[in-house]
Protein chains: 2
Amino acid sequence: MCNHHTEHTGSGSCGSPAGRMLGFIQAWLLLLLVKESAHGYQLLDRLNQSEDTKGIDPGFLYRTLRQFEEEGLVKSSWDVEGRGPARRVYEITPDGVEYLHAWAGHIRSTRERLGRFLQTYESHFKLQTTEKGG
Amino acid sequence: MCNHHTEHTGSGSCGSPAGRMLGFIQAWLLLLLVKESAHGYQLLDRLNQSEDTKGIDPGFLYRTLRQFEEEGLVKSSWDVEGRGPARRVYEITPDGVEYLHAWAGHIRSTRERLGRFLQTYESHFKLQTTEKGG
DNA sequence: TCATCTATATGACCTAGTCATATAATAGAC
DNA sequence: GTCTATTATATGACTAGGTCATATAGATGA
């Protein structure tokens, strides 16, 4: 949690009171790799094309990919062809696909949990507004 | 992310690949306090009554409440009456209510982001299954 | 050979959350 | 009275996820 509440009572400028979800971009990475093998820089580009995933730290991305490889979720090989320095091309493994499925399941249940929170929240404040008139 | 992938390719036993959301229980705390002032131990009890919020660390809860107070989201007073040691009773402030609203907004948008991920995920694997037959 | 672009990687750090444990008041056993 | 259990709050130490800054290195062109 950020500590600038006093400076932004309301919508917040320092980021968000709560917005990120643990491992969300990791899930996106695996999903992108399921569609097509790619190297880090490409993945970075693609993530930056969506509002949902943009702005991710390159260091974090590369570290995550190496971690995935250690865990057997992806495997990599060097692509020396083309211009510029060599690229480490990542390909998802069967384990990685399975893991993506599990991950999607958890994301689904998290989404449901958030839904239940919002229902409670909204039902509370709807009753309030009819009594207080806004 | 936990590092036990190899031991649970599939549904996962070490917890989850990704399930928690930053500040989720904080949002619940403020929501509970909006409904009724309470002390830490009560809040702990109430959180433990729902699958969505159970199992939270008491130390974390108390620390969070003190943090909220520092930030002006809640204020506290001692309740000396009744049995047992004194209780610090927390009451939400107008700032806290405003902050809860902002928080709910972010939770809503997070939920939508998760929905977009799941749509992409599902649409990909639906096409796959018709081709591969399961 | 120097700067620049592309691509990958590492070091230092910060914060949220966890685990274990301390503190303290009160109640009841005896 | 004092010992233990219960209720309630709090702190210390640590871990992990993520961020920020920066390093490395090959290819390209001035």
Side-chain angles (χ1 to χ4, degrees), chain A residues 1-5 14-29 37-48 53-71 74 76-90 103 106, chain B residues 1-5 14-29 37-48 53-71 74 76-90 103 106:
Chain A
M1 194 174 66
C2 73
N3 53 359
H4 308 94
H5 305 300
C14 74
S16 58
R20 287 163 297 167
M21 200 197 101
L22 200 65
F24 185 58
I25 64 109
Q26 281 92 326
W28 268 112
L29 276 181
S37 296
H39 57 269
Y41 209 79
Q42 276 179 325
L43 293 167
L44 204 60
D45 257 20
R46 287 179 198 161
L47 290 177
N48 278 326
T53 49
K54 74 151 79 159
I56 133 172
D57 176 56
F60 178 60
L61 179 128
Y62 287 113
R63 219 178 249 131
T64 300
L65 288 172
R66 304 304 298 273
Q67 218 174 323
F68 279 175
E69 187 161 28
E70 265 181 59
E71 293 160 359
V74 303
S76 73
S77 54
W78 286 101
D79 173 14
V80 190
E81 296 175 28
R83 313 160 36 98
R87 280 138 296 220
R88 194 188 280 274
V89 176
Y90 287 95
W103 219 322
H106 285 286
Chain B
M1 191 174 67
C2 73
N3 52 359
H4 308 94
H5 304 300
C14 74
S16 57
R20 287 162 299 166
M21 199 196 101
L22 199 66
F24 185 58
I25 64 110
Q26 281 92 327
W28 268 111
L29 276 180
S37 296
H39 58 269
Y41 210 77
Q42 277 178 325
L43 293 167
L44 204 59
D45 258 19
R46 288 179 197 162
L47 290 177
N48 278 326
T53 48
K54 74 151 80 158
I56 131 172
D57 176 57
F60 179 59
L61 180 128
Y62 288 112
R63 219 178 249 132
T64 300
L65 288 171
R66 305 303 299 274
Q67 217 174 326
F68 278 176
E69 188 161 28
E70 264 181 58
E71 293 160 359
V74 302
S76 74
S77 55
W78 286 100
D79 174 14
V80 190
E81 295 175 29
R83 315 160 35 99
R87 281 138 296 220
R88 194 189 279 275
V89 176
Y90 286 96
W103 218 322
H106 284 287

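Order of the sequence lines sets the chain letters (A, B, ...), proteins ahead of strands, with each chain counted from 1. Only heavy atoms go into these numbers, but all of them, side chains included; no hydrogens, no water, no symmetry mates.
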Discussion item. Rounding to an integer number of Å, can you tell me how far B:Q67 CD sits from D:dT11 P?
Written reply: 12 Å

Item to complete: Tell me whether the OP1 or OP2 atom of C:dT6 has a side-chain N or O from A:Q42 closer than 4.0 Å.
Response: no

Discussion item. Suppose we screen for side-chain contact (heavy atoms from CB on, under 4.5 Å). Which residues come up paired with A:R46, at least two apart in sequence or across chains?
Written reply: A:L32, A:E36, A:A38, A:Q42

Worksheet entry | Non-hydrogen side-chain atoms of B:L43 and B:L65 separated by less than 4.5 Å | yes

Worksheet item: In whole Å, what is the span from the CG atom of B:L61 to the P atom of D:dT9?
Response: 9 Å

Worksheet item: CG of B:L43 versus C1' of D:dA10: gap in Å, rounded?
Response: 16 Å

Practice prompt. Quick one: do B:F60 and B:Q26 satisfy side-chain contact (heavy atoms from CB on, under 4.5 Å)? Show the steps, please.
Written response: CA-CA 10 Å; B:F60 179 59; B:Q26 281 92 327; 3.7 Å; yes

Discussion item. Under 4.0 Å from OP1 or OP2 of C:dA7: is there any side-chain N or O of A:R87 that close?
Written reply: yes

Worksheet entry | Atom pair distance, as rounded to whole Å: CG in B:L65 and P in D:dT9 | 9 Å

Item to complete: Using atom OH of A:Y41 as one end and atom P of C:dT6 as the other, report the distance to the nearest whole Å.
Response: 5 Å

Worksheet, complete the sentence: residues 54-68 of chain A vs salt bridge (Lys or Arg N to Asp or Glu O under 4.0 Å), sequence neighbours excluded, gives A:E51-A:K54

Worksheet, complete the sentence: The salt bridge (charged side-chain N to carboxylate O under 4.0 Å, His left out) partners of A:R88 (sequence neighbours excluded) come to none

Worksheet item: Where each residue is assigned the nucleotide of DNA chain D containing its nearest heavy atom, which of B:L44 and A:I25 is assigned the position nearer the 5′ end?
Response: B:L44

Worksheet, complete the sentence: Taken to the nearest whole Å, CD/A:E81 to P/D:dA27 is 13 Å

Worksheet item: Just how far, in rounded Å, is C1' of C:dG17 from NZ of B:K54?
Response: 19 Å

Item to complete: Could you state the atom-to-atom distance from CZ of A:R66 to P of C:dT10 in whole Å?
Response: 6 Å

Item to complete: Return the set of residues passing side-chain contact (heavy atoms from CB on, under 4.5 Å) with A:P58 (not counting sequence neighbours), or none when no residue passes.
Response: A:L44, A:Y62

Worksheet item: Counting side-chain heavy atoms from C-beta on, which of C:dA9, C:dG17, D:dG18 comes nearest to A:Y62?
Response: C:dA9

Discussion item. How would you summarise protein contacts on nucleotides 19-26 of chain C per nucleotide, using B for base, S for sugar-phosphate only and - for none, with heavy-atom distances below 4.0 Å?
Written reply: B-----BS

Fill in: Heavy-atom side-chain contact between B:L29 and B:L47 under 4.5 Å
yes

